[in-house]
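The chains referred to below are lettered A, B, ... by the order of the sequence lines, with proteins before strands, and numbering in each begins at 1.
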There are 2 protein chains.
Amino acid sequence: MENEPLRQIRKLSQYYAYSSIQMHEAIGHKAGLSGTDHKYLGWLIEKGEMTAGELANLTGLTTGAITGLIDRLEKKKLVRRKFAEDDRRKVLIAPDTKKIMALLQPLYKDFRNKSEQLLASFSQKDLKVIETYFRSAIEIMEATTHSLNKKQSR
Amino acid sequence: MENEPLRQIRKLSQYYAYSSIQMHEAIGHKAGLSGTDHKYLGWLIEKGEMTAGELANLTGLTTGAITGLIDRLEKKKLVRRKFAEDDRRKVLIAPDTKKIMALLQPLYKDFRNKSEQLLASFSQKDLKVIETYFRSAIEIMEATTHSLNKKQSR
DNA sequence: CCTAATTATCTTATCCACTAAGATAATATA
DNA sequence: TATATTATCTTAGTGGATAAGATAATTAGG
């Protein structure tokens, strides 16, 4: 016999993940980006300028794939290649935040408004609960991913 | 000037989405499945037996892609094709739940245990908050996806 | 210093999953 | 019964991934 509310939440969190993947892909598609390109563009915005190698490590993609990724994004003028001053083998990927925002914001607008509204419906205390949950859940998922990717292969 | 806790949560929910995508792919990869195959296998388990066409609609993939998907999963004996009795053009995809579970459960085990532990650390009232958040957020994301995929193309 | 080893990215060949369009086969309709 | 419709599959072509090796810059050793 199982704790029913727990089972519910587990299922919901799974649905939540599916839904966000689907939405993410839909938005990317609408912006003329593949799911991958959209995802890593998000990372670039989030973490800012980084080298091709760092992105390869972060994403788990091969350096060849990263070259292609940068090529595609650069062709769309969403990022720019720069050689690092301290080491000219390194290629810094500089996201053009303005341009990326201009491309994506309109597509996220509806979602963002509705999310804003939803969050506004919670008390500060409840928001704290949600925040705590998120933080821990993220930690768990990242640890899981990490350990899976480490043990052999990839 | 912006509400800081809100900004935090928005960012966290984005990270949460990224983390779940990454973990999902890592688990799939470990199980010898592509991200897509893993994802839709999850749907099949969740929603149970469905026709190829239904899966095509649900996923947004073309029927050709679905044929390939079923082929791959069938070759691994994770699903089985059956012709529907009422209409023998229809191909029912019957997931072999036992086999799928046997393949995936071990990979989710760690994650699941830790999640269980995390959830157990919340009060029933807090869990209710989280559940409410999930339900509404899922609704919002599905609506967004839907409207993006509807307006032109895909 | 100068050569060899290492490091960072790119190139190439190949593969796999996707789309688009049309083929095939079963069912519904007139 | 002939025709239209529906459900899936097939085929040709494309795009993004990997693996392995090439290129170019930096670091280390004698």
State which residue, out of B:Thr97, B:Leu104, B:Leu103, fulfils the side chain to side chain contact (heavy atoms under 4.5 Å, CB included) condition with B:Ile100.
B:Leu104

Report the hydrophobic cluster partners of B:Phe83, with the cluster defined as I, L, V, M, F, W, Y residues connected by side-chain heavy atoms closer than 4.5 angstrom, directly or transitively.
B:Val91

Taking for each residue the nucleotide of DNA chain D with the nearest heavy atom, is it A:Glu85 or A:Asp37 whose nucleotide lies nearer the 5' end?
A:Asp37

Kindly list each side-chain donor-acceptor pair under 3.5 angstrom involving residues 45-56 of chain A, sequence neighbours excluded, with atom names and distances?
residue: A:Glu49; atom: OE1; partner: A:Lys82; partner atom: NZ; Å: 3.2
residue: A:Glu49; atom: OE2; partner: A:Lys82; partner atom: NZ; Å: 3.4
residue: A:Thr51; atom: OG1; partner: A:Glu54; partner atom: N; Å: 3.1
residue: A:Glu54; atom: OE1; partner: A:Thr51; partner atom: N; Å: 3.0

Checking C:dT27, D:dA25, C:dC18 against the side chain of B:Arg72 (C-beta onward), the nearest is C:dC18

Return the value, rounded to whole Å, for the distance between atom CZ of B:Arg88 and atom C1' of C:dT24.
15 Å

With sugar-phosphate meaning primed atoms plus P, OP1 and OP2, does B:Thr36 contact a base, only sugar-phosphate, or nothing at under 4.0 Å between heavy atoms?
sugar-phosphate

Scan nucleotides 2-15 of chain C nucleotide by nucleotide, 5' to 3', and note B when protein non-hydrogen atoms come under 4.0 Å of the base, S if they reach only the sugar-phosphate, - if neither.
-----BSBBB----

Just jot down the salt bridge (Lys or Arg N to Asp or Glu O under 4.0 Å) partners of A:Asp96, sequence neighbours excluded, or say none.
none

Nearest-angstrom distance from the residue atom CG of A:Leu61 to C1' of D:dA20
17 Å

Can you name the residues that form a salt bridge (Lys or Arg N to Asp or Glu O under 4.0 Å) with A:Lys114, not counting sequence neighbours?
none

Across all chains, not counting sequence neighbours, the salt bridge (Lys or Arg N to Asp or Glu O under 4.0 Å) partners of B:Arg80 are none

